[in-house]
Each structure stands twice: as structure tokens, then as C-alpha cells.
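The shown structure was predicted, so the numbers you read here are calculated from the model rather than taken from an experiment.
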Amino acid sequence: MQRPLPPEDYRLKETSPHLGGGGVAGDKLTSTYDLVEQMQYLYVRVVKARDLPAKDVTGSCDPYVEVKLGNYKGTTRHFEKKTNPEWNQVFAFSKDRLQSSMIEVMVKDKDLVKDDIIGRVIFDLNEVPKRVPPDSPLAPQWYRLEDRKGDKVKGELMLAVWMGTQADEAFPEAWHSDAAAVHSEGLANIRSKVYLSPKLWYVRVNVIEAQDLQPSDKGRYPEVFVKAILGNQALRTRISPSRNINPMWNEDLMFVAAEPFEEHLILSVEDRVGPNKDEVLGKCVIPLQHVERRLDYKPVNTRWYNLDKHIVVEGEKKKDTKFASRIHLRICLDGGYHVLDESTHYSSDLRPTAKQLWKPSIGVLELGILNAQGILPMKTKDGRGTTDAYCVAKYGQKWVRTRTIIDSFIPKWNEQYTWEVFDPCTVITIGVFDNCHLLGDKASGARDARIGKVRIRLSTLETDRVYTHSYPLLVLHPSGVKKMGELQLAVRFTCSSLLNMMHIYSQPLLPKMHYLHPLSVTQLDSLRHQATQIVSMRLNRAEPSLRKEVVEYMLDMDSHMWSMRRSKANFFRIMSVLSGLIAVGRWFDQICLWKNPLTTILIHILFLILVLYPELILPTIFLYLFLIGIWYFRWRPRQPPHMDTRLSHAETVHPDELDEEFDTFPTSRPSDIVRMRYDRLRSVAGRIQTVVGDLATQGERLQNLLSWRDPRATALFVTFCLIAAIVLYVTPFRVVALLSGFYVLRHPRFRHKLPSVPLNFFRRLPARTDSLL
């Protein structure tokens with residue numbers, strides 16, 4: 001049964017923008033900035049001035065430069081008592097908003113009452129030269145200053161004025177004419193910026209044993225455990241089963257750390273002397289810079305560390321040097337794992353931490369962020385609704401942030417970004433936000449509001465094709481699902497080697513260490529939470545900051561929380577997968593009931609042939625699958641997947657279920673009993689929800705073997721079916737059955753811990769998780 005299409009407002013729409021200054025979607029565009037519409041800008045670079053005359057009584061001047069074009073005016077910072085100032089600032093005026101044929105550059109003297117004009121330089125826009133990247137930058141020139149009458153005055157100004165596009169290298173750092181109303185402290189928050197996620201490592205601490213501990217109470221058996229703290233992460237071992245002063249544990253503790261390593265690993269050996277009362281028997285501090293790094297699971301050298309014990313003498317904390325307690329540890333930075341900081345369903349990077357284990361890139365992903373349409377008002381300013389929108393895109397370790405378009409419901413960014421691709425079975429995430437920090441620190445308590453998010457899985461894209469679509473921006477609110485606008489993107493995935501990319505489909509999805517020495521699900525959940533916290537903290541400290549709420553939304557921090565809506569969506573995904581088997585059962589029932597006599601007779605003939613010639617069974621099945629795959633090629637998906645409100649059950653959700661989904665965790669219900677039961681239910685149901693979702697994912701991957709959702713995977717499978725049909729046709733069935741049986745029953749010595757090639761291929765197939773809200 002085919003699902004009904006979503007409403008027109010929530011559907012993906014193909015667009016035909018004029019890319020690269022005239023090219024349209026689908027063309028073989030080759031210029032460096034060809035995935036966005038060209039935007040013309042007038043650039044003015046104010047470099048420096050010399051020999052400025054004195055204006056103040058003190059015999060000096062406090063100069064600054066004002067660039068004026070019609071109603072738009074930009075100013076540089078001013079210098080106190082300086083006649084040869086250097087500004088080196090760039091101003092950009094959009095050609096669409098030019099309101100004058102002349103541009104005026106004035107040098108002024110800052111004054112308490114009224115600023116004096118030192119001199120000016122005027123340019124006719126018709127005589128301004130045009131520059132097209134990658135031309136060499138336009139060299140600035142010295143211009144003599146003039147007064148209002150046009151007479152030469154003392155002083156010169158070094159300037160460069162040219163017409164260019166957003167591909168100009170001066171564009172990211174330029175002051176834009178639409179930022180005139182922005183507070184000077186907030187200017188940094190409106191510019192485009194590229195960020196890099198910190199390099200994350202798993203820190204493995206193997207606590208082996210301790211020696212010569214000195215508990216205060218000598219007449220009891222100590223109950224000793226080790227507590228380890230790294231930043232805001234704290235773990236502890238179990239209480240040692242050997243109740244003496246030389247306890248043993250041999251227990252692993254796992255942490256996440258980011259380069260450069262700012263926090264030290266702090267280990268303390270403690271004795272449980274009573275309920276909620278622990279005595280510290282010794283501490284040691286270990287800098288991570290000196291910890292050994294490893295690429296595989298070869299054991300690193302162990303080391304004894306001295307435990308320092310502090311005692312209080314006359315109100316002062318002093319180190320006790322009477323006894324030398326020690327702890328035996330094996331510590332390493334595990335570089336063979338990939339540190340998960342994203343949801344596993346939407347990972348954009350699957351490489352191990354250690355750079356030595358990286359494989360060459362297989363292609364390039366190019367993203368053109370064009371514009372948005374119909375953005376809703378996100379806040380009120382001067383009694384009217386307004387939105388200051390910007391986009392954030394995340395793929396791999398590279399985050400990009402577009403400039404903020406001030407006070408516009410149809411913002412036009414037209415910015416293009418590029419990423420290296422190491423695995424096609426990854427997802428790029430693009431989020432749209434409302435900037436609430438245009439006033440600098442004055443708005444530090446505000447949070448940038450979510451406008452919507454788009455996810456695109458690279459394996460669902462054809463190589464070398466330009467996709468131009470308008471994506472609906474959907475956000476779930478306590479009142480229900482809401483369309484916040486549409487985001488227009490241009491995407492191109494270019495493959496450098498088709499053979500290398502096809503080979504990737506046979507490789508394990510994660511680095512080998514995840515299979516040879518796997519971490520538990522509980523460990524991975526905890527470590528992912530810590531990794532996300534570290535990434536959001538580091539990016540929040542950048543300038544301009546990528547705020548915590550933005551990073552958490554992009555990384556799907558709340559994806560594990562219980563939701564009745566998500567559970568229903570996953571249940572109906574499973575039912576959709578099983579509907580194919582149910583349809584086959586009904587069809588066979590109709591065959592048995594002779595509903596269509598001709599079909600039933602043909603099935604009888606086919607059944608008779610297969611019974612008489614059993615060696616035809618397998619080649620017939622593979623040949624049938626091959627023909628179905630070729631037949632479905634005509635209806636292969638031509639658009640990337642997008643957020644689907646009906647699949648997510650966001651349209652028909654009950655208000656009470658929404659109240660539950662947006663409830664705090666722990667719940668805010670008044671009764672303690674209800675809170676305990678409610679939290680327990682949500683915790684258990686969250687795990688069930690994940691399992692059900694994983695089952696649905698496996699079934700959808702089976703469906704996508706022949707659906708051409710991932711064109712390369714389907715092509716590989718269809719080719720395999722054809723070859724298998726031919727090989728099985730010429731090979732006696734008994735030989736095939738014998739070899740298959742021996743392979744399944746092979747000795748453990750001939751088995752590998754790494755997943756098999758078919759399993760790796762299956763895990764890389766796309767599922768409908770990409771389309772879930």
C-alpha cells in the first residue's frame with residue numbers, strides 16, 4: 001500500500017536558479033563559485049592616510065573615515081592623536097541597493113560636539129573598475145583629499161574601489177551595508193565564518209592495583225575504589241574484592257578528551273568508611289600531553305604513579321610525605337576508534353581519530369546556500385515582527401556559518417562551501433537560525449532560535465549532478481508541527497574515483513577497533529554525550545561563537561529522549577516494511593483460489609519446472625531480482641530525501657502526546673510517585689523506541705537494495721545478481737549446496753571478527769531515518 005503524498009507546503013520543490021552568473025541546474029558548471037547566484041557588490045577598501053592636518057587645539061587630530069553611498073553609511077574606527085592612521089577595513093554595498101551614482105569617502109576628525117571634515121574623495125560609479133575572481137586583487141592607490149568646493153587640501157588617503165561578487169576574498173570580512181543598524185559589539189556575530197571541531201580522543205584508563213595504602217582506621221577491612229575525573233567527566237571503579245591495603249581492580253574507565261588537552265586526569269583512591277562517607281587515601285594528577293597514543297589494541301606499557309596524600313595542619317593543607325602509596329595504571333589515547341559526537345543515523349564523519357589510519361578522499365561535496373523564502377517572524381523589534389537569519393552547515397570536522405541577513409523574511413546568502421568526502425554513506429546537516437546577538441554582550445542571555453533543519457545523505461545523490469531544490473523548514477512546537485519557511489540549496493557530489501567509491505561499500509562502516517574490541521552501548525551513549533558537550537563548549541568559545549544551542553540542535557542532542565510520536569512513527573515504518581510480505585501472502589492466496597486462472601496455470605508450470613530441475617531455483621530468483629531492479633530503474637528517486645511530516649507522525653499527533661514530548665526530563669508533574677513512574681516509563685520506552693527504529697532501518701535497507709535510492713549500491717547489487725544468476729546456472733546445484741554448507745560450518749580458525757563484505761554493504765544502504773523529524 002502506497003503512502004499518500006505529504007501536503008504541497010511540506011514537499012520538496014525543484015528549482016531552476018541562475019547559478020554561476022547564468023548557468024542553470026543540471027549544467028556541467030566548472031567555475032569556482034558556480035553553485036550560487038552571482039551577487040554584485042561595490043567594494044571600498046580603506047587602507048591608510050598620511051599627512052593629515054591638525055584640527056584640535058592640541059595640534060593633532062582623531063581621524064576616522066566615513067564611506068557614504070546614498071542612504072547607506074559605514075565608518076571605520078577612530079584613532080586618537082594620529083596623523084598617519086592605518087585602518088585596512090573593507091566596505092561592501094549591494095548593487096541591488098545602490099541609491100546614488102556617486103560614492104563619497106570622507107576623512108573626519110572625531111570631536112565631542114561635531115565632527116570636523118578633514119577632506120574627501122569622490123568616485124563616479126560608472127568609472128569604478130570590475131574585478132572577477134580569481135583576478136589579482138586590485139592594488140590600492142593614494143588619493144589627494146579635497147574640500148567641498150573641490151579644491152585640494154593637505155593629506156592623502158590610500159583607497160581601492162571596485163565592483164565584484166561574493167566570490168571576492170574581501171567578502172567574508174567586509175562591513176555590509178545591511179548591517180548599519182547593528183551594534184558595533186555585534187558586528188562579529190553577523191559575518192560568515194568557518195569552524196573546525198576539536199580533535200577528539202578516547203582516553204582509556206586501565207586501573208590495575210594499588211600498594212601500601214594507609215587507611216585511618218587500621219582495625220577494619222578497607223573498601224577501596226578509584227575515582228577518575230577528567231574535566232566534567234567522573235567515573236569510578238567497583239570496590240576492590242581484595243579487602244586489604246594492596247587492592248586490585250583491573251578495570252577499564254573510558255573518557256573523551258579534545259586537543260589541545262586543557263584538563264588533567266585526576267585519580268583518587270578512596271575508602272568507603274560509611275554510608276555516603278568516603279576517605280581519600282591518595283591522589284595523583286596526570287597530564288594527557290605525556291600519555292602514550294596507540295593505533296591498535298597492542299597493550300601499552302604500565303606505570304606506577306605515586307599517590308599524594310594531603311593532611312590539614314593548623315588550618316593549612318600540607319602534603320603528607322611519611323608514606324609512599326602507589327597505584328598501577330595503564331593509560332593510553334585510543335586513536336583507532338571514531339569518537340562519535342553525532343547521532344549514528346546522521347554521521348558526517350566515520351574516520352578514526354589517528355590521522356595515520358585515514359584513507360584518501362574519494363570526492364568533493366559542494367554546497368551552495370542560495371536563499372530562504374517565507375521565513376516567519378521570530379522576534380519583535382520596535383513593535384513589529386522581524387527575523388535575522390543565518391545558516392550553519394556541518395559535515396565532518398568542518399562547520400560553516402553564513403553571514404546574518406538583517407531584518408529579512410526572504411534572506412539571500414548565495415555562499416558556497418566545499419568539503420572533502422571520505423565516505424559516501426554520510427550525511428550533511430544544514431540548520432537555519434535567528435540571530436539574537438546583534439547587540440553583542442547586551443543580548444548574552446538570549447538564545448538563537450531554531451528555524452529549521454535539512455539533512456542530505458550523500459549516497460542518495462548522483463555524482464556530478466547539480467541538485468537545486470527548495471527544502472521545507474519544519475520544526476515541532478508544543479502546538480504541533482510548523483513550517484517556518486523554505487531553504488533553497490544547490491548541492492553537487494563529485495567523485496574522484498568511481499572504483500575507490502565502489503570499494504568503500506565493501507568496507508566496515510566504522511574503524512576496525514569498533515569490531516575487534518567493541519565498546520558497550522551504554523559506554524557509547526555516555527561518551528557521545530561527553531563528546532557533544534566538549535564540541536559545543538569549544539565552538540562556543542570561538543570568535544564569533546557558534547552557540548551551544550546551535551551545536552546541540554545540529555548534533556541531535558535530544559534524539560534519544562522518549563516520545564510517543566517517534567515510537568508510533570517507528571512502528572508504522574515496520575508495518576510498511578512488512579506490508580510487502582503481507583502482499584505476497586495475499587497474492588499467493590489468490591493463486592491458490594484460482595482468482596486469475598491464467599496466472600495460476602503459469603505458476604503450476606513454473607513449479608513443475610523447478611521441481612524437475614532444482615538447479616534452476618537460485619539462478620531464477622537472482623535473475624528475477626535483476627529484472628525487477630532494472631524495471632524499477634525507470635522510477636528511481638530523482639530528488640534527495642527530506643523531512644517528511646507524515647512519516648514522522650507530526651501532523652496527527654495528539655496534544656497530550658506533544659505535552660509529554662516537550663515535558664522536562666525529569667518530569668515537572670507535581671506528584672513524586674507519578675514522577676518516578678513516569679520517568680521510568682520514558683527511560684524504558686526510549687530504549688524500546690531505539691530498538692524498534694533499528695529493526696525498521698534494517699527492513700528499509702532491504703527495500704532499498706533495488707529502489708535506486710542509492711544509485712551506486714543498487715547498481716552493484718543488480719550487477720551481482722546478474723553474475724550470480726550466470727554462475728549458478730552453469731554450476732551444479734549440489735556443488736553450490738555443498739560449498740555453502742561447508743562455508744557456514746567452517747572452523748572458527750577460518751572466521752574473522754570483522755564483518756563480512758555483504759554485511760558491510762548492507763549496513764551502508766540508506767534508510768528512511770534521513771526523513772524523520
> Distance-only, no hydrogens or angles: does the Thr463 side chain make a donor-acceptor pair with backbone N or O of Cys495 under 3.5 Å?
Replying inline: no
> Is Arg401 close enough and on-axis enough to Tyr390, meaning under 6.0 Å and within 45°, for cation-pi?
Replying inline: yes
> Is there a side chain to side chain contact (heavy atoms under 4.5 Å, CB included) between Leu370 and Trp413 once you walk through the steps?
Replying inline: CA-CA 6 Å; Leu370 302 175; Trp413 294 284; over 6 Å; no
>> Under 3.5 Å, is there a donor on one side chain and an acceptor on the other for Ser707 and Asn704?
In response: yes
>> I'd like to know if the side chain of Asn760 reaches the main chain of Ser506, judged simply by a donor and an acceptor atom lying under 3.5 Å from each other, with no hydrogens or angles considered.
In response: yes
>> Using 0.5 Å steps for rounding, measure from the CG atom of Asp407 to the CD1 atom of Ile405.
In response: 11.5 Å
> Under 4.5 Å between any side-chain heavy atoms of Leu555 and Lys394, yes or no?
Replying inline: yes
> Taking all atoms of both residues into account, what is the closest heavy-atom pair of Val392 and Met554, and its distance?
Replying inline: O-CE, 3.3 Å
> Any donor-acceptor pair under 3.5 Å linking the side chain of Arg566 with the backbone of Ser648?
Replying inline: no
>> I'd like to know whether Leu350 forms a side chain to side chain contact (heavy atoms under 4.5 Å, CB included) with Leu509, so could you lay out the CA-CA distance, the side-chain angles of the two residues, the decisive distance to 0.1 Å, and finally the verdict.
In response: CA-CA 7 Å; Leu350 300 167; Leu509 196 63; 3.8 Å; yes
> Counting distance only, does the side-chain N/O of Glu549 pair as donor-acceptor with the main-chain N or O of Asp448 below 3.5 Å?
Replying inline: yes
>> Regarding Asp388 and Lys379, does a basic nitrogen lie under 4.0 Å from an acidic carboxylate oxygen?
In response: yes
> His437 and Arg547: side-chain donor and acceptor closer than 3.5 Å?
Replying inline: yes
> Can you tell me how far CG of Asn540 sits from CZ of Arg538, rounded to the nearest 0.5 angstrom?
Replying inline: 12.5 Å
> Quick one: OG on Ser348 to CG on Asp341, what's the gap to the nearest 0.5 Å?
Replying inline: 7.5 Å
> Do Arg638 and Glu462 meet the salt-bridge criterion of a basic N to acidic O distance under 4.0 Å?
Replying inline: yes
> Once the angle between the rings of Tyr505 and Phe761 is folded into 0 to 90°, is it parallel (under 30°), tilted (30 to 60°) or perpendicular (over 60°)?
Replying inline: tilted
>> Run Glu14 and Gln639 through side chain to side chain contact (heavy atoms under 4.5 Å, CB included) and show every step you take.
In response: CA-CA 8 Å; Glu14 191 162 4; Gln639 297 179 337; 4.2 Å; yes
> Side chain of Arg764, backbone of Ile504: donor and acceptor closer than 3.5 Å?
Replying inline: yes
> Among Asp770, Asp423, Asp710, which one satisfies salt bridge (Lys or Arg N to Asp or Glu O under 4.0 Å) with Arg457?
Replying inline: Asp770
> Distance from Leu510 atom CG to Gln507 atom CD, nearest 0.5 Å?
Replying inline: 12.5 Å
> Yes or no on side chain to side chain contact (heavy atoms under 4.5 Å, CB included) for Arg403 and Lys193, after CA distance, side-chain angles and deciding distance?
Replying inline: CA-CA 8 Å; Arg403 70 191 189 283; Lys193 185 76 173 177; over 6 Å; no
> Under the 3.5 angstrom rule, does the side chain of Ser536 hit a backbone N or O of Gln533 as a donor-acceptor pair?
Replying inline: yes
>> Just by distance, no angles: are the side chains of Tyr202 and Thr353 close enough, under 3.5 Å, to form a donor-acceptor pair?
In response: no
> So, Ser470 versus Glu486: side-chain donor-acceptor pair below 3.5 Å or not?
Replying inline: yes
> Roughly how far, to the nearest 0.5 Å, is the CZ atom of Arg465 from the CG atom of Leu461?
Replying inline: 9.0 Å
> Does the side chain of Thr387 come under 3.5 Å of the side chain of Asp434 through a donor N or O and an acceptor N or O?
Replying inline: no
> Does any donor atom in the side chain of Ser343 or Asp556 lie under 3.5 Å from an acceptor atom in the other side chain?
Replying inline: no
>> Please give me the minimum heavy-atom distance between Leu772 and Ala569, naming the atom from each residue.
In response: CD2-CB, 4.5 Å
>> Is it the case that the side chain of Thr532 and the backbone of Arg528 share a donor-acceptor pair, with hydrogens and angles ignored and the cut-off at 3.5 Å?
In response: yes
> Under the 3.5 angstrom rule, does the side chain of Gln373 hit a backbone N or O of Leu487 as a donor-acceptor pair?
Replying inline: no
> Between Arg351 and Asp349, does at least one N-O distance fall below 4.0 Å, as a salt bridge requires?
Replying inline: yes
> Which heavy atom in Ala389 sits nearest to a heavy atom in Val432, and how many Å separate them?
Replying inline: CB-CG1, 4.5 Å
> Are the side chain of Ser459 and the backbone N or O of Cys425 linked by a donor-acceptor pair below 3.5 Å?
Replying inline: no
> Between CG of Leu35 and CG of Leu367, what distance do you get to the nearest 0.5 Å?
Replying inline: 8.0 Å
> Any chance the rings of Tyr553 and Phe433 have centres within less than 6.0 Å?
Replying inline: yes
> Think Arg573 forms a cation-pi with Phe571, using NZ or CZ under 6.0 Å from the six-ring centre and within 45 degrees of its axis?
Replying inline: no
> Do you know the tightest heavy-atom contact between Pro640 and His469?
Replying inline: CD-CE1, 3.6 Å
> Would Glu415 and Thr402 count as a side chain to side chain donor-acceptor pair (under 3.5 Å) if you check the C-alpha gap in whole Å, the side-chain angles of each, and the deciding distance to 0.1 Å?
Replying inline: CA-CA 7 Å; Glu415 297 182 26; Thr402 68; 4.8 Å; no
> Can any side-chain N or O of Asp644 pair as donor or acceptor with the backbone N or O of Leu647 at less than 3.5 Å?
Replying inline: yes
> Trp201 versus Val339: any side-chain heavy-atom pair under 4.5 Å?
Replying inline: no
>> I want to check something: taking the side chain as every heavy atom from C-beta on, are Ile430 and Tyr471 in contact at a cut-off of under 4.5 Å?
In response: no
> What is the ring orientation for Trp419 with Tyr417, classed by angle as parallel under 30°, tilted 30 to 60°, or perpendicular over 60°?
Replying inline: tilted
